[in-house]
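What follows is a set of notes on a single structure, which appears directly below.
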Amino acid sequence: MGSTGRRLTEAVSGIVSDGVGGLADRVRGRFVEMKTPGQVEAMRAAGLVVAATLAAVTEAATPGVSTADLDEVAEATIRDAGAVPSFLGYQGFPASICTSVNEQVVHGIPAPTQVLADGDLVSIDCGAILEGWHGDAAVTLLVGTPAAGDEELSAACRAAMEAGIATLVPGGRLGDVGHAIEEEARRRAGADGREYGIVADYGGHGIGTSMHMEPFVPNLGRAGSGMRLRTGMVLAIEPMLTGGTDETTELEDGWTVVTADGSRAAHWEHSVAVTDDGPRVLTAPAE
């Protein structure tokens, strides 16, 4: 589940109120929850629950199925694994997954009245808590026969996520992540002969004993800037691309975010640990 622009605003406000010392602490990552190797393994177990749930939802996402049906599949899969859906009840969110269809970018609420049709594009965002540790990941699915341009949009978003993940090495900088995401998204746009909007108001986040933790991880950035990455950090990397504008609007339900111009959107996410051996994707499917 993506951190919001409000979260970014609150973080900036906190830095200003904390003064120079608070800014220095954030740049040094002193507010980031660090994990031991054993705790990373515990997070991998939670991540496997998320991966299995996304696989089950992917199989169920066919024309004629409602997003509420997908939510039922997700909750059953999570609970059968002995875990708890982390989204359900989070700040009042009423479901176990987010289902964002077509022009919906993130935080779409599953509903029995929202029935998937041939050619729909839907992102599924899923979180689970297992023995106190969180996993969080998202995939974008093409329902039935893909509409024109949707495969390229989703592939570009996934590639941008993977580019961001590749920068999660000890000694790197947080700005490297957003820079890599932005550069790959722009490269794919050029290769596809179209423009992609990079949604800036929503992004990734730290994760561990809570779902949303320090730091906020922007999807745009300047290489070599920001806090230094260290072994034991775990970050959720989650770009969102649109087929048009980067501007978004939140609907009256207080959750669903849509593109301002009605263009379609894709969303991919993984929870990733920074390790001495390089990035470790904790929400990848079991090998």
Side-chain angles (χ1 to χ4, degrees), residues 1-5 50-51 54-55 57-58 61 97-108 116 119-127 136-144 146-168 176-205 207 216-221 235-248 256-272 279 281-285:
M1 179 178 280
S3 291
T4 68
V50 172
L54 289 173
V57 172
T58 296
I97 55 174
C98 300
T99 55
S100 303
V101 181
N102 296 333
E103 77 282 359
Q104 297 174 356
V105 182
V106 285
H107 305 161
L116 297 179
D120 276 348
L121 185 70
V122 55
S123 68
I124 308 296
D125 195 352
C126 175
D136 187 7
V139 298
T140 292
L141 307 177
L142 305 160
V143 181
D150 281 357
E151 287 182 287
E152 293 82 3
L153 173 62
S154 179
C157 188
R158 185 173 188 175
M161 174 191 68
E162 291 169 348
I165 289 172
T167 68
L168 296 182
D176 297 343
V177 183
H179 178 76
I181 289 171
E182 180 180 359
E183 287 295 297
E184 181 61 18
R186 306 235 185 266
R187 189 190 73 78
R188 293 296 293 248
D192 295 341
R194 57 187 296 194
E195 294 291 329
Y196 292 132
I198 304 172
V199 177
D201 287 341
Y202 299 82
H205 49 90
I207 185 169
F216 177 79
V217 185
N219 288 320
L220 303 97
L235 304 176
I237 307 302
E238 54 176 322
M240 293 143 237
L241 299 186
T242 78
T245 183
D246 59 0
E247 297 295 322
T248 62
T256 308
V257 177
V258 301
T259 56
D261 63 357
S263 60
R264 295 192 177 209
H267 174 204
W268 283 86
E269 176 186 16
H270 271 308
S271 298
V272 186
V281 180
L282 303 179
T283 44

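Any value given below was found using the heavy atoms of this structure, including those in side chains, with hydrogens, waters and symmetry copies removed. Since the structure is predicted, the reported quantities are computational estimates derived from the model, not experimental observations.
- Remark: side-chain polar atoms of Arg188 are not paired, donor with acceptor, to backbone N or O of Glu183 under 3.5 angstrom.
- The two residues Leu54 and Ala138 come nearest to each other via the heavy atoms CD1-N, 4.3 Å.
- Side chain of Ser100 to main chain of Gly108: a donor-acceptor pair is present (N/O by atom type, distance under 3.5 Å, no hydrogens or angles).
- Going from atom CD of Glu184 over to atom CZ of Arg187 covers 4.0 Å, rounded to the nearest 0.5 Å.
- Panel note: side chain Thr167, backbone Gly164; a donor-acceptor pair is recorded below 3.5 Å.
- Tested against Val105, the residues Val257, Val258, Leu241 include a single side-chain contact (heavy atoms from CB on, under 4.5 Å) partner, Val257.
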Next on the checklist: Please determine whether side-chain contact (heavy atoms from CB on, under 4.5 Å) holds for the pair Ile207 and Leu235, giving the CA-CA distance in whole Å, both sets of side-chain angles, and the decisive distance to 0.1 Å.
Outcome noted: CA-CA 6 Å; Ile207 185 169; Leu235 304 176; over 6 Å; no

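- Counting only N and O atoms by type, the side chains of Trp268 and Ser154 include a donor and acceptor under 3.5 Å apart.
- Put simply, the side chain of Asp150 never gets that close to the backbone of Leu121: no donor and acceptor are under 3.5 Å apart.
- Looking only at atom types and distance, the side chain of Thr283 has a donor-acceptor partner in the side chain of His270 under 3.5 Å away.
- The OG1 atom of Thr140 lies 12.0 Å from the CZ atom of Arg264; values are rounded to the nearest 0.5 Å.
- Interatomic distance, Asp246 CG to Met240 CE, rounded to the nearest 0.5 Å: 12.5 Å.
- Within the 3.5 Å criterion, the main-chain N or O of Asp261 finds no donor-acceptor partner in the side chain of Thr245.
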**Request:** Give the C-alpha distance, both sets of side-chain angles, the deciding distance and a yes or no for side-chain contact (heavy atoms from CB on, under 4.5 Å) between Tyr196 and Thr242.
**Result:** CA-CA 5 Å; Tyr196 292 132; Thr242 78; over 6 Å; no

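- Once rounded to the nearest 0.5 Å, the distance linking SG of Cys157 with CD of Glu152 reads 13.5 Å.
- In terms of heavy-atom proximity, Ala51 sits nearest to Ala284 at CB-O, 3.7 Å.
- In this structure, Asn219 contributes its side chain and Ile181 its backbone to no donor-acceptor pair below 3.5 Å.
- Between Thr259 and Gln104 there is no side-chain heavy-atom pair separated by less than 4.5 Å.
- Between His107 and Gly2, the closest heavy-atom pair is NE2-O, 3.3 Å.
- The shortest heavy-atom contact between Tyr202 and Phe216 is C-CZ, 4.3 Å.
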Checklist entry - Run the side-chain contact (heavy atoms from CB on, under 4.5 Å) check on Leu168 and Ile237 step by step: do they pass? => result CA-CA 10 Å; Leu168 296 182; Ile237 307 302; 3.9 Å; yes

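- At a threshold of 4.5 Å between non-hydrogen side-chain atoms, the residues Val101 and Leu116 count as touching.
- The two residues Val143 and Ala61 have their closest heavy-atom pair at CG1-O, 4.3 Å.
- Without hydrogens or angle criteria, Asp136 side chain to Gly127 main chain gives no donor-acceptor distance under 3.5 Å.
- With values rounded to the nearest 0.5 angstrom, Ser271 atom OG is found 6.5 Å from His205 atom NE2.
- At distances below 3.5 Å, not a single donor-acceptor pair connects side-chain atoms of His267 with backbone N or O atoms of Met1.
- Looking at Leu141, Asp125, Ile124 one by one, the single match for side-chain contact (heavy atoms from CB on, under 4.5 Å) with Thr99 turns out to be Ile124.
- Separation of atoms CG (Asp192) and CD (Glu151) is listed at 11.0 Å; rounding is to 0.5 Å.
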